[in-house]
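Each chain gets a letter, A, B and so on, in the order the sequences are listed, and its residues count up from 1.
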Amino acid sequence: METLEGMKRTHHCGELRKSDVGTEAVVCGWVSKRRDHGGLIFVDLRDRSGIVQTVYDEAAMSEGTFHKAESLRSEFVIAVRGKVRSRTEDTINPKIETGEIEIVCEELRILNKAKTPPFYIQDGIDVDEMLRLKYRFLDLRRPEMQKNIMLRHRVAKLMRDYFDRHGFLEIETPMLCKSTPEGARDFLVPSRLNPGEFYALPQSPQIYKQLLMVSGFEKYFQIVRCFRDEDLRADRQPEFTQLDIEMSFVDQEDILVLMENMVSEIFDKAINEKIKTPFLRMTWDDAMDRFGSDKPDMRFGMELMDISEYVKGSTFKVFNSVLESGGQVKCIKVDGYADIPRRELDGLVEYVQGYGAKGMAWVQYTEDGIKSPFKKFYSDETFDKIKEATGAKTGDLLLVVADKRLVVAQALGALRLEMGRRRGLIDPNKLCFLWVVDFPMFEYSEEEKRWKAMHHPFTSPRHEDIPYLKSDPGRVKSIAYDMVLNGVEIGGGSLRIYNSDLQEKVFEAVGLSPEVARERFGFMMNAFQYGTPPHGGIAFGLDRLIMLMAKRASIRDVIAFPKTQSASDVMAQAPSTVDEKQLRELYVRVALPKKKEKNKEE
RNA sequence: GGCCCGGUAGUUCAGUCGGUUUAGAAUGCCGCCCUGUCACGGCGGAGAUCAUGGGUUCAAGUCCCAUCCGGGUCGCCA
């Protein structure tokens, strides 16, 4: 094996251009591809900047060097010294940025050999993701993955610049925190120095950043890792990164404007996308009623429409009982799809049932008249009225769900997205931002039979709703807001409670007695008695944002070392069992249920 | 925890109704040849725990059950 001694890299592979012709260059990198023509060999050399073609001509170089070139294989690490030469007209490769030139090798050094990789180191591969994760260091060698990671760096840098320019301080907060069982499940860390006691990894730096406001830092931000021990999704990892913000003496509008300007700037500077501000703002009620979602994908229409008034008072039991118990009958209109196959309709029924609806009906306005499972319960005039009210034309399809408000929203909201996908209505190049505002303060947990904070219990209710905290928690709205991009929640925040009395009332509303509240959040409530400024903030999901900017379907593609759906790292083999000694030091004993123990042994 | 999809050469897949070759193809890999390729080309070759365990059957990659792993999703994610 050779070394780099006496040889100094002068250029990166991808940066060489026609203007460099004639200069002597030394490039280093990995062998991407070797094309051996016998007496003439081409080797595509790759580093993080791109790919350049190097040429080895048997007639024009020493036998030893040519022999070395013949021995090159994929992913060998080499250094090449040679002249940059212009390619002849007929050999220009317009597909690569350096396609007008090539390097004629004068000296070749093999710095390291490489085993044949288990998959191609190139873009657009179709390989089992587990294999990519097992060999993540090779997966990350692929140009598109490098691009994602570089984009991530660039965005983080732009964010830091932006907030620095606006007077924000980046302040670190602890990773070893107090467990607060409210909210997501905590990752716990046993304390050796405090036997039997545990830290929790932060679900977010929420309390610390509010305390920084009490301290008077006024404008805080941090790009920070957060941990939640919940089930994973394509856009959820057990550890993820937030851009965390908190400010004092501001109102909601200040925060929204600051954030949309930030987003507009990073989209412009990182991926050259011009975003119009201000963003559309929509109340939570509107979002739910019109799109059936608190994070509506605004890239297409197909809004939910209420047809309750046209179908009420009939002999059709399903609609009647729903309407009589305060529910709704709503539909979406799928343009030009009245000829949907019956089989697909049956599939859609199952689909909405997965989202809590009991069933789904439909109206097909076909050339041959109306087809609908509830046709016999209504007159032709009723169907004409529905047609007019929904703006349906002959050839259009209505999909109808009847149930309680939130069930209708959930089912039709999901159905809307599914039909948008199936009908090809979603333009992947569109970027539709909006703010969803006026979230409910609480939602009712059927499981726990109590009201729970929708955002978190430090969120301020709207002033005018405070009287209802006790009497009617369901009607209390909060000063909370989410930023949504293309149907993905990329950020959310709120103005906070800064008055101890109000805080106590809210704790009470979510069933936290003063004693329990003090035990869990006492240090915070104590701090709040020493002069707390009005404050509020927001947290942005950096991974999701980069995923959308990079147009990837999963945040795993923008995280260097992500975990699988079962939260394991298949490369490092984490999590793993640990030595009995380690456990003893921590005063921890493992107690698996019988079934799991048996599986572990096998 | 529920539901859906998947697991066959290094990789991506095919494998029909359970039965005709030695489980097939492409690509990658190895060897030989080749002086303008860039998906280089030509000839030859090697390469399989059909995820694991059990069952049905004269016969299982194929059917059944269980388990494991991966992906999607519902619940969950203050």
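Listed pair A:Ser566 / B:G70 meets the phosphate criterion, a side-chain N or O lying under 4.0 Å from OP1 or OP2.
For A:Glu102 and B:G36, a side-chain-to-base donor-acceptor distance below 3.5 Å is present, hydrogens and geometry of angles not being considered. At a cut-off of 3.5 angstrom, counting only N and O atoms as typed in the model, there is a donor on one side and an acceptor on the other between the side-chain of A:Arg87 and the base of B:U37. Contact annotation: side chain of A:Asp36 to base of B:C40, donor-acceptor pair absent below 3.5 Å. The base of B:C76 lies outside donor-acceptor range of the side chain of A:Arg228, with no N or O pair under 3.5 Å. No N or O donor and acceptor, one from the side chain of A:Arg556 and one from the base of B:G72, sit under 3.5 Å apart. Side chain A:Asp126 to base B:U12: no donor-acceptor pair is found below 3.5 Å. Side chain A:Arg236 to base B:C76: a donor-acceptor pair is found below 3.5 Å. At a cut-off of 3.5 angstrom, counting only N and O atoms as typed in the model, there is a donor on one side and an acceptor on the other between the side-chain of A:Asp231 and the base of B:G75.
Within the 4.5 Å cutoff, the side chain of A:Ser49 has heavy atoms near those of the A:Cys13 side chain.
Separating the C1' atom of B:C33 from that of B:C40 is a span of 14 Å, rounded to the nearest Å. One C1' atom belongs to B:A46, the other to B:A39, and the distance between them is 24 Å to the nearest Å. Atom name P, nucleotides B:C5 and B:A14: the rounded distance is 16 Å, in whole Å. A distance of about 12 Å separates the C1' atoms of B:A26 and B:A9, rounded to the whole Å. Comparing the C1' positions of B:G15 and B:C30 gives a spacing of 27 Å, expressed to the nearest Å. Straight-line distance between the P atoms of B:G53 and B:G42: roughly 41 Å, to the nearest whole Å. Taking the P atom of each, B:G61 and B:U52 are spaced 11 Å apart, rounded to whole Å.
Within 4.0 Å of A:Tyr120, counting heavy atoms only, lies at least one base atom of the nucleic acid. Counting non-hydrogen atoms under 4.0 angstrom, A:Thr91 reaches a base of the nucleic acid. Note on A:Leu131: only backbone sugar-phosphate atoms sit closer than 4.0 angstrom, heavy atoms only; bases stay farther off.
A stacking contact links A:His37 to B:C40: the aromatic ring centre lies within less than 5.5 Å of the base's six-membered ring centre, and the planes differ by less than 30°.
Checking B:A25 for Watson-Crick or G-U wobble geometry (two distances, each under 3.5 Å) identifies B:U12 as its partner. The partner of B:A59, taking Watson-Crick or G-U wobble pairs whose two distances both stay under 3.5 Å, does not exist in any strand shown.
No side-chain donor from either of A:Gln242 and A:Ser204 sits under 3.5 Å from a side-chain acceptor of the other. Side chain to side chain, A:Arg35 and A:Gln53 meet the donor-acceptor criterion of an N or O pair below 3.5 Å.
Each of A:Pro117 and A:Arg73 was matched to the nucleotide of RNA chain B holding its nearest heavy atom; the match closer to the 5' end belongs to A:Pro117.
A perpendicular orientation is assigned to the rings of A:Tyr135 and A:Phe137, their planes being inclined by more than 60° (bins at 30° and 60°).
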